[in-house]
There are 2 protein chains.
Amino acid sequence: MVLMRAEIISVGTELLVGSILNTNTQFLSQELLKCGVDVYYQTTVGDNPGRVIDTLKIAMDRSDFIILSGGLGPTEDDVTVESFARFIQKPLVFHAPTHRAILRRLKLRDLRMTRLIAKQCRVPQGSLVLENENGTAPGILYKAGGSGAAKWFLLLPGPPRELGPMFKKRAMPLFFRVSGIKKKRLLLRSVKITGLVEAQVAQKATDLLRMKPPLTVGIYARPEEVELKIMAKAINEKNAAKMTQKVEKIIRGRFGNKVFGVNEETLAESLGHLLRKKKKTLAAAESCTGGLLSHLITETPGSSDYFRGSVVAYDNRIKSGFLDVPQALLKKEGAVSAAVAQRMAQNIRSFFKADYGIGITGIAGPSGGSPQKPVGLVHIALATPSKTFSEKWRFQGSRSEIKHRAAHHALNLLRLALLQRVN
Amino acid sequence: MVLMRAEIISVGTELLVGSILNTNTQFLSQELLKCGVDVYYQTTVGDNPGRVIDTLKIAMDRSDFIILSGGLGPTEDDVTVESFARFIQKPLVFHAPTHRAILRRLKLRDLRMTRLIAKQCRVPQGSLVLENENGTAPGILYKAGGSGAAKWFLLLPGPPRELGPMFKKRAMPLFFRVSGIKKKRLLLRSVKITGLVEAQVAQKATDLLRMKPPLTVGIYARPEEVELKIMAKAINEKNAAKMTQKVEKIIRGRFGNKVFGVNEETLAESLGHLLRKKKKTLAAAESCTGGLLSHLITETPGSSDYFRGSVVAYDNRIKSGFLDVPQALLKKEGAVSAAVAQRMAQNIRSFFKADYGIGITGIAGPSGGSPQKPVGLVHIALATPSKTFSEKWRFQGSRSEIKHRAAHHALNLLRLALLQRVN
């Protein structure tokens, strides 16, 4: 089979009322893409047998590989397996290995088998059953139709921690094995850029964004960062890697220091790599970011190697009494000023015996602004072994967005300084 | 019209490849539910005119109110408006007010009108046009079919900050006005519980979860909290409020102090209300949470009224040199110990002149654990004006999850202490 069209169906009324965010669909889409399987539709339907069957009919008409998630559990609301069995007109049959696996799980927790739990041991006749390592409901892989127009169905449990491992470790390997479909080598590599908005990146990468398969580039914007995603399809991993490397080199050539990382790498991680490489340490004095900068830095495992710690000086008395910012300076310049940010950076650097000190002071809002010092005004200072300087920003957005933007720019300020070998 | 079936269609290849999470669909589902409109299906389709039209056909067969989001922008990939016009067989016509609005926006940024931007001034004949306050692409409301079997279509821009305000402020008020459909009074009230897992809450609320419309209760679990969502449909707001109040009272009676808030209220906000009410202040000394506790507290506007600040003592030398935790204690008990957590809480309380001090020390992992002190071990201490005590926890999960769980339990420890009038 050359062309394979996949479709994801999420079953769950909780998704239709917006009570939870559909992260399973994003996960499955990403994983299918990596296997070279293209997703054409994503549908969500409630826990209603009639509508689940209607949705299956539509999906079978337009797709070859249909992945359902959710509704496999033990409650009365879980109708996916029964609905699917009715749709393919097969009876539900008892699956002994699943029964034994559930009994083992129940025993560990000192629980007894109930009628509802036992429901999960019944699967449509002809199913390939996928063991659930992290829960009771098994997954199901089912082939319908002849070999010419085969349609594949995959039923997965809804809880992400059950769905994820089952999909990656069991379902996809089994699918490629029994279907005889060749897994394509799709290599994805994201190059992450900061300091430019999406339109600016797009303009400098127009030619790349127009490339056609098997080698394409997509653009995605996130707050404070733009991602250029290189996708290469090739007969083997080595060739695909060569293709992406070529494009990555072009992107790095054009965007220089504005490229801060690849794939899942965060700006804080990228800064962490630099600090570790240069054997330098960092301390921070935060006011309006309220601890967020430190939180972002300490999300990276091993950050204790280069992050000494910080003082969140939320109250002005902490700035003077604890960070030794002179009261006269606070009075003359105001707490939100370049002079105070710089003094915070210098003092935290020296108190915490770090190579670099960051000082942030600003107005996160929504109140506390004035015409001279509006909400969103933030001073970010960096103290290095030889000098201290600061930047003045005026950020837009909610309180939380202003905190995030300020923390992001503080990380980037030090990152750029380290790249420019500032001492 | 009595029964109104809504369907949400997201247009965007970036959703099909999993590059972004579909938060628009969740937002629209929640907002429609609040207006008493039930969503039956959610579909995602790529930026492909043929497939967008196929999806519209299916939607028109099964739904009365079809909301499309995304694909209204100026790029070649934005095909929603053209596809919709082809589907309803109407020509695209020039909309002068939109043209003027776009010119005004461009002028502010010193930009010129281009062919692609101008594309956004053309709407299907017969559309009601919705102004976009936060971007260039206007929204469109369109009625198809006779009054007996009227079908309504709403086209919204994809960026959440454009879609949200347009939907709430313009689209829904206009829809109810021109359609003559009566807005039902659906009141939602979420009661938020911490300290119990979903199964425990479900067991204590079995009778409530079995209630039938017009008054129902749903249960939703999030990390460290469980939400009981009361939904009441009534002829007017007053009656709906009475209905929800009755159930909320029952829930509060059963769960007592474990109820920490309602609706969007976070645990940090709930703690903030208590501190403000009692005119008390707080300071924190964080180790393994790395600033997250302070970040969560300072997400609440006005938190500077009760939050003095914190020290993130990531490095042991900061614990001793800056927080005055005796070196002998660190050596004897280890940095991750009840004694050190308590000393951190006491000292930050006294240094920062706060009524309450929180101290947190633990191992967030993934490395740094030992058989005696495994990853996830966290000591959380509270120093009050009269005493100091601590709790020992063993959290599961990733580094980030352990940080969040520890911060959550620290907030809850102080919240419970304030409720129990601890001094």
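Here is the naming used below: chain letters follow the sequence lines, and residue numbers restart at 1 for every chain.
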| Given a strict heavy-atom distance threshold of 4.5 Å, which part of B/T281 is in contact with chain A: side chain, backbone, both, or neither? | neither
| note | So, the part of A/L21 with a heavy atom under 4.5 Å from chain B: the answer is both
| By a 4.5 Å heavy-atom criterion (distance strictly below it), what part of B/I9 contacts chain A: side chain, backbone, both, or neither? | neither
| Under a 4.5 Å heavy-atom cutoff, which of A/A6, A/S287, A/G18, A/S10 has the most pairs with chain B? | A/G18
| said: Among A/N316, A/T13, A/I8, A/L15, which residue has the highest count of heavy-atom pairs closer than 4.5 Å to chain B? | reply: A/L15
| Can you say whether B/R161 sits under 4.5 Å from chain A via the side chain, the backbone, both, or neither, judging by heavy atoms? | neither
| note | One option among B/G321, B/G46, B/S303 has the most heavy-atom pairs under 4.5 Å with chain A, and it is B/S303
| message | I need the A/E227 CD to B/I20 CD1 distance, nearest 0.5 Å. | response | 11.0 Å
| field | Pairs of heavy atoms under 4.5 Å with chain A: top-ranked of B/Q30, B/E286, B/R399, B/M231 | value | B/R399
| Side chain, backbone, both or neither: which part of B/K229 has an atom under 4.5 Å from a heavy atom of chain A? | side chain
| Among the listed options B/A407, B/G218, B/S400, the residue most often paired with chain A at heavy-atom distances under 4.5 Å | B/S400
| Between B/F352 and A/F322, what is the ring plane arrangement, given parallel below 30°, perpendicular above 60°, and tilted in between? | perpendicular
| said: So A/Y41 and B/R51, do their side chains get closer than 4.5 Å, heavy atoms only? | reply: yes
| Test item: A/V45 and B/Y40 side chains (from C-beta on) under 4.5 Å apart, heavy atoms | no
| Heavy-atom distance under 4.5 Å to chain B: side chain of A/T23, backbone, both or neither? | both
| remark: Among A/S19, A/G309, A/A221, the residue with the most heavy-atom pairs under 4.5 Å to chain B is A/S19
| query | Just wondering, do A/Q42 and B/T43 contact through their side chains at under 4.5 Å, heavy atoms? | reply | no
| query | Passes side-chain contact (heavy atoms from CB on, under 4.5 Å), A/N22 versus B/N22? Steps please. | reply | CA-CA 7 Å; A/N22 196 343; B/N22 196 341; 5.9 Å; no
| Evaluation steps, side-chain contact (heavy atoms from CB on, under 4.5 Å), between A/F307 and B/D315 | CA-CA 7 Å; A/F307 184 57; B/D315 189 305; over 6 Å; no
| remark: Pair count under 4.5 Å, heavy atoms only, with chain A: among B/T300, B/D305, B/T25, highest is B/T300
| message | Would you say that B/S398 contacts A/E299 through its side chain, given a criterion of any heavy-atom pair below 4.5 Å between the two side chains? | response | no
| request: Under 4.5 Å heavy-atom distance to chain A, tell me which part of B/L16 shows up: side chain, backbone, both or neither. | output: both
| query | Just by distance, do the side chain of A/T298 and the backbone of B/G290 share a donor-acceptor pair under 3.5 Å? | reply | yes
| Any side-chain heavy atom of B/V17 sitting closer than 4.5 Å to one from A/S29? | no
| request: Let me know if B/I318 has heavy atoms under 4.5 Å from chain A in its side chain, its backbone, both or neither. | output: side chain
| note | For B/G291 and A/S294, the nearest pair of non-hydrogen atoms, with its separation, is CA-CB, 4.2 Å
| If you tally heavy-atom pairs under 4.5 Å against chain A, which of B/K353, B/R308, B/R317, B/E31 wins? | B/R308
| message | Quick check: B/Y306 with A/Y314 (ring centres under 6.0 Å apart)? | response | no
| message | Using 30° and 60° as the class boundaries, would you call the ring planes of B/H295 and A/H404 parallel, tilted or perpendicular? | response | perpendicular
| task | Go through the atoms of B/S304 and report whether side chain, backbone, both or neither lie under 4.5 Å from a heavy atom of chain A. | result | both
| Do the side chains of A/R62 and B/D54 get nearer than 4.5 Å, heavy atoms only? | no
| said: Rounded at 0.5 Å granularity, tell me how far CG in B/L296 sits from CG in A/L292. | reply: 9.5 Å
| Contact part of A/L33 toward chain B, heavy-atom cut-off under 4.5 Å: side chain, backbone, both or neither? | side chain
